[in-house]
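First up is the structure itself, then whatever we jot down about it.
Heavy-atom basis, side chains included; hydrogens, waters and symmetry copies ignored. Because the structure is a prediction, the values reported are computed rather than measured.
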Amino acid sequence: MIKKLLIIALLVVAQSSLFAQKKQPNIIVILADDLGFSDIGAFGSEIYTPNLNKLAQNGLILKQFYNAGRCCPSRASLLTGLYPHQAGVGDMVQDKGFPAYQGYLNEHCITIGQALKQAGYNTIVSGKWHVGLVPSAWAVNRGFDDSFTLQNNGSSYFNSQPLYNDGRKVTFLKGDKEIIRTDTATYLTQEITNFAINSLEKQRNQQKPFFLYVAYNAPHWPIQALPEDIAKYKGKYLEGWDKLRASRFKKLKELGIIDKNWDLSSRFEKVPDWEKLSAEEKDKWDTRMAIYAAMIDRMDAGIGEILQKVKSLGEENNTLVLFLSDNGGSADDVKNWNYVTQKNGTPGSVASIDSYESPWGNVSNTPFQLFKKNTHEGGIASPFIAYYPNHIKARTQSNRVSHLIDIFPTFLEYAGFQYPDTFQGKSLTPLEGISLKKEFEGQKSEAHEALFWEHEGSKAVRKGDWKAVAENNQPWELYNLATDRTETKNVAKSEPKLLQNLIELHQQWSVKVGVEDWNKIK
């Protein structure tokens with residue numbers, strides 16, 4: 001009798017174990033805003049990012065992951081698994097009069113939230129949405145049960161108005177007075193973190209898995225941060241941008257993220273010689289970068305809080321976590337814009353609207369050239385980390401050429417859900433990406449035949465190791481990314497047939513997704 005009971009108990013344990021193995025994983029995707037390729041510690045930065053570093057040390061780094069070059073297109077691509085033009089967001093959220101540039105998610109795509117909700121998930125979003133101002137494109141109408149979103153870009157980290165599920169506006173700080181804040185509860189990055197944590201607490205003891213999309217506005221301008229965070233970095237950037245680029249370049253090589261034979265791209269042409277700046281100018285630039293670093297520091301701390309909440313729920317080992325950025329570091333110089341809310345108070349405070357401009361953006365995008373909005377590597381290369389205990393091997397790296405379009409099919413494979421042909425009576429554009437599940441688990445996944453980009457006339461195509469790229473109204477360039485991913489050796493003249501083949505591929509793709517001549521529509 002005892003032996004029989006023991007056998008029954010063992011069978012129950014075995015069945016429970018099998019169920020646990022088959023259980024759909026929780027999924028968290030964390031998206032940073034305007035974060036450059038080398039802006040976190042795991043990718044060579046001096047900025048304190050212990051939580052992201054821990055994810056990288058215990059997970060996988062994709063060394064060749066691509067975004068769509070700018071916030072709105074990248075978010076549309078991430079959320080829908082399509083090229084942004086196919087989703088209706090080929091540019092920003094203003095309607096340009098063409099289907100690919102209507103400025104909001106169209107009816108022939110669904111979001112990850114809508115798909116995973118059908119797959120049995122509870123869905124949460126906290127942060128910057130930015131894929132359409134019309135109600136049909138709001139998160140609440142695009143598959144998210146719990147949402148706290150900025151419909152557009154945040155204009156302040158202390159006085160923003162995110163939009164809740166029901167349309168209520170929520171203001172963190174009323175008035176425009178310059179206030180040196182010491183609490184973090186009214187700082188946008190912390191508010192995004194807090195909403196995510198509170199929503200996760202609702203998942204305690206739930207039978208359904210959860211999908212959480214955390215879209216931080218950090219470190220997008222305006223560069224504003226908490227005084228105590230800025231103090232950690234003030235004075236650390238007085239050696240200047242050239243030395244910092246060299247330092248990050250060296251670390252990237254030591255980490256194995258970039259090839260030791262690649263050259264560092266030249267300092268951007270509009271960036272002055274640090275040694276020729278006055279002491280006052282150096283102090284101003286040091287302050288700007290200290291604020292930017294502080295924003296990343298606080299974001300990393302928030303990520304740590306979210307991960308701790310997942311652990312407290314007992315869900316750490318059943319949660320897939322991805323981290324990436326929507327585009328490269330920015331060269332925007334908002335101080336020089338005709339910016340209606342421009343303020344010139346204490347740097348980093350609610351009374352200051354500023355950016356870190358091309359000198360530090362050039363550092364963020366080390367070792368690549370150019371910036372957000374460009375389709376050179378500096379604009380479209382993203383740091384990427386995947387973490388999933390017992391599924392993704394620690395301290396691993398992959399050279400698999402990947403793109404935002406791959407994330408949606410990856411999540412569907414983990415969830416065991418088939419992408420539908422139609423949704424609410426509308427036909428759906430088929431997904432463009434390839435699941436990364438095999439790659440995450442140490443196997444070789446299918447490679448892309450080619451990848452494509454277009455943003456405001458800046459365009460690129462990558463096929464294998466070859467990349468053709470052209471900024472708007474500029475000639476096409478050609479690079480072998482296996483030997484020169486920093487795009488320092490343009491071989492367009494010596495490989496005209498190869499270049500022409502890539503250009504023709506890009507033209508075919510442009511017709512397919514609805515790309516228009518930017519000079520005629522802007």
Side-chain angles (χ1 to χ4, degrees), residues 34 66-77 82-106 130-133 152-153 268-270 326-334 336-339 357-358 361 365 368-381 403-404 429 432 450-463 466-479 487 490 492-493 496 498-522:
D34 287 10
Y66 287 110
N67 54 63
R70 199 171 182 186
C71 40
C72 297
S74 284
R75 288 156 206 278
S77 191
L82 305 174
Y83 284 107
H85 307 76
Q86 295 172 300
V89 193
D91 188 40
M92 303 297 281
V93 292
Q94 292 75 35
D95 191 346
K96 301 292 184 180
F98 296 92
Y101 304 88
Q102 68 180 31
Y104 56 91
L105 297 181
N106 61 37
H130 217 193
V131 288
L133 304 179
N152 213 331
N153 178 46
F268 183 56
E269 58 189 13
K270 295 182 180 179
D326 66 345
N327 47 248
S330 172
D332 291 345
D333 55 348
V334 298
N336 298 322
W337 294 2
N338 183 22
Y339 202 71
E357 302 189 12
S358 61
N365 298 333
F368 307 125
Q369 62 168 307
L370 295 185
F371 309 91
K372 165 189 176 180
K373 305 178 189 175
N374 303 122
T375 54
H376 282 75
E377 296 292 285
I380 61 174
H403 188 283
L404 287 166
T429 304
E432 289 282 349
L451 290 171
F452 302 90
W453 294 265
E454 188 278 333
H455 179 68
E456 297 188 352
S458 178
K459 49 191 177 289
V461 51
R462 176 168 179 173
K463 183 175 182 180
W466 291 97
K467 178 185 174 186
V469 57
E471 297 304 326
N472 194 34
N473 299 320
Q474 297 298 314
W476 282 92
E477 301 166 13
L478 179 66
Y479 300 98
E487 297 172 318
N490 179 10
K493 290 183 179 179
L498 177 56
L499 176 59
Q500 186 57 38
N501 287 338
L502 290 174
I503 292 172
E504 289 174 3
L505 270 181
H506 193 275
Q507 290 170 342
Q508 293 166 13
W509 171 81
S510 296
V511 172
K512 172 187 173 182
V513 303
V515 171
E516 300 286 343
D517 182 350
W518 183 249
N519 296 308
K520 295 180 181 179
I521 66 173
K522 63 181 178 179

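Ring centers of His403 and Tyr83: under 6.0 Å apart, within the cut-off.
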### Task
Run the numbers on Glu471 and Glu477 for side-chain contact (heavy atoms from CB on, under 4.5 Å), then give the verdict.
CA-CA 9 Å; Glu471 297 304 326; Glu477 301 166 13; 6.0 Å; no
### Message
Determine whether Leu502 and Trp476 satisfy the following criterion, side-chain contact (heavy atoms from CB on, under 4.5 Å), listing intermediate values before the conclusion.
### Response
CA-CA 10 Å; Leu502 290 174; Trp476 282 92; over 6 Å; no
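Relative orientation of the Trp518 and Tyr101 rings is tilted, given thresholds of 30° and 60° on the angle between their planes.
Here the closest heavy-atom approach between residue Cys72 and residue Val131 is recorded as O-CG1, 4.1 Å. When every heavy atom of Phe268 is checked against every heavy atom of Ser358, the shortest pair comes out as CD2-CB, 3.8 Å. When all heavy atoms of Asp333 and Trp337 are compared, the closest pair comes out as OD1-NE1, 3.1 Å. Closest heavy-atom contact between His130 and Asn152: NE2-OD1, 2.8 Å. In plain terms, the two heavy atoms of Thr375 and Ser458 that are nearest each other are OG1-OG, 2.8 Å. Minimum interatomic distance between Ala470 and Pro475 (heavy atoms only, all atoms of both residues): CB-O, 3.7 Å.
A donor-acceptor distance shorter than 3.5 angstrom exists from the side chain of Gln369 to the backbone of Glu487, with no hydrogens or angles considered. Looking at Asn374, its side chain never comes within 3.5 Å of a backbone N or O of Gly69 through a donor-acceptor pair. With hydrogens and angles disregarded, a donor-acceptor distance shorter than 3.5 Å links the side chain of Asn327 to the backbone of Cys71. Of the possible polar contacts, none joining the Asp332 side chain to the Val334 backbone as a donor-acceptor pair under 3.5 Å is found. Distance alone, capped at 3.5 Å, is enough to place a donor-acceptor pair between the Asn67 side chain and the Ile380 backbone. The main-chain N or O of Leu82 is found under 3.5 Å from a side-chain atom of Ser77 such that the two form a donor-acceptor pair. Asn490 places a side-chain N or O within donor-acceptor distance of the main-chain N or O of Leu478, the cut-off being under 3.5 Å. Not one N or O on the side chain of Asn501 forms a donor-acceptor pair closer than 3.5 Å with the backbone of Leu498. Asp34 places no side-chain N or O within 3.5 Å of a backbone atom of Ser330 that could act as its donor or acceptor partner. Remark: side-chain polar atoms of Asp95 are paired, donor with acceptor, to backbone N or O of Gly97 under 3.5 angstrom.
Inspection of the His506 and Glu454 side chains reveals no N or O donor paired with an N or O acceptor under 3.5 Å. Between the side chains of Arg70 and His455, at least one donor N or O sits under 3.5 Å from an acceptor N or O.
With respect to Lys372 and Asp326, no salt bridge is recorded, no charged nitrogen being found less than 4.0 Å from a carboxylate O. At a threshold of 4.0 Å, the pair Lys512-Glu432 counts as salt-bridged, since one of the basic side-chain nitrogens sits closer than that to a carboxylate oxygen. Comment: Lys467 engages Glu377 in a salt bridge, judged by a side-chain N to carboxylate O separation of less than 4.0 angstrom.
Remark: Met92 CE to Leu133 CG distance equals 10.0 Å, nearest 0.5 Å. Rounding to the nearest 0.5 Å places CG of Leu404 at 12.5 Å from OH of Tyr66. The distance from atom CG of Asn472 to atom NZ of Lys373, rounded to the nearest 0.5 Å, is 13.0 Å. Atom NE2 of His85 is separated from atom CG of Asp91 by 8.5 Å, given to the nearest 0.5 angstrom.
For the pair Leu451/Val461, no side-chain contact is recorded, criterion being any heavy-atom separation below 4.5 Å from C-beta on. Using a 4.5 Å heavy-atom threshold, the side chains of Trp453 and Val469 count as separate. Using a 4.5 Å cut-off on side-chain heavy atoms (C-beta onward), Asn473 and Asn519 make contact.
At least one cation-pi condition fails for Lys459 and Trp509: the charged atom is not both under 6.0 angstrom from the six-membered ring centre and inside a 45 degree cone around its axis.
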